[in-house]
Amino acid sequence: MRKALFSAMLFALLAGPATAGTTGRLNGTATDAKSGAALSGVRITAVSPSQSVAAATGNAGRFSFISLSPDTYTISAQKTGYDSQSSIVVVQADQAITANFALQPSLKTIGTVISRASNALVKPGTISDVYTVSAAQQQRLAAMGGGGGLNIAYSAIRSVPGIYVPPNQTGFFQILHIRGGDYDQTGYEL
């Protein structure tokens, strides 16, 4: 009996006291949200004030961080062709946390459409600084006002991009302000 007691005491002294760990663990998977299939090559990042780590998922869609400092982490999953996801987890010493991501496929742009009025004054590809205002446009634009009895003419001029006609002017030779120009630049009427 003394030998058994001595052996137990010797074992206890040699083994030493049990110590607690100082890091936590984070595991998880990344899958396709529609099919449920595991996604490989997903970039997983874990970022906190105390530490930043990154890894990529393997063929089974799994990832693991085995030695994270206890802290609050923002976990993000990113893969080309999928919308990114993120979540917040709290890692504590001697604990394993699981964070799974089901990534949605991104929408693909297959084309764009640009619509313009056929009678617009400014058109793409026009390199001239000359604008034509037709009689029909003059009639439609008369409501803009042009001063005195010349509403139709100065309203049409006012409609040209970059031109400002101050209100309450009368007669011919009204002041025209050309955007980007000086006050003494001349605008001609034909």
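These numbers come from the heavy atoms of this one structure, side chains and all, not from hydrogens, waters or symmetry mates.
- Listed here is the closest heavy atom pair of Thr98 and Gly28: CG2-CA, 4.5 Å.
- Shown here for Ser86 and Thr74, the closest heavy-atom pair between the two residues is CB-CG2, 4.4 Å.
- A donor-acceptor pair under 3.5 Å links the side-chain atoms of Gln51 to the main chain of Ser69, judged by distance alone.
- The main-chain N or O of Asp83 is found under 3.5 Å from a side-chain atom of Ser106 such that the two form a donor-acceptor pair.
- Put simply, CZ on Arg62 and CG on Asn100 are 10.0 Å apart, with the number rounded to the nearest 0.5 Å.
- Residues Ser48 and Thr72 form no side-chain contact, since every pair of their non-hydrogen atoms from C-beta on lies 4.5 Å or further apart.
- Gln78 is linked by a side-chain hydrogen bond (donor to acceptor under 3.5 Å, both in side chains) to nothing, counting only residues two or more places apart in sequence or in another chain.
- Closest non-hydrogen pair, Gln92 versus Pro70, comes out as CA-CB, 4.3 Å.
- Remark: Asn27 engages Arg25, Ser64 in a side-chain hydrogen bond (donor to acceptor under 3.5 Å, both in side chains) (not counting sequence neighbours).
- Judged purely by atom type and a 3.5 angstrom limit, Thr109 has no side-chain atom pairing as donor or acceptor with the backbone of Gly111.
- In this structure, Ser67 and Thr23 approach most closely via the heavy-atom pair OG-CG2, 3.6 Å.
- Heavy-atom minimum distance, Ala102 versus Gln85: O-NE2, 2.6 Å.
- When all heavy atoms of Ala38 and Ala60 are compared, the pair lying nearest together is CB-O, 3.3 Å.
- Through direct or indirect side-chain contacts shorter than 4.5 Å among Ile, Leu, Val, Met, Phe, Trp and Tyr, Phe63 is connected to Leu26, Leu39, Val42, Ile44, Val53, Phe65, Leu68, Tyr73, Ile75, Tyr82, Val89, Val91, Ile97, Phe101, Leu103.
- From Lys79, atom NZ reaches atom OG of Ser40 across 5.0 Å, with rounding to the nearest 0.5 Å.
- By the 4.5 Å heavy-atom criterion applied to side chains, Lys34 and Pro105 are counted as neighbours.
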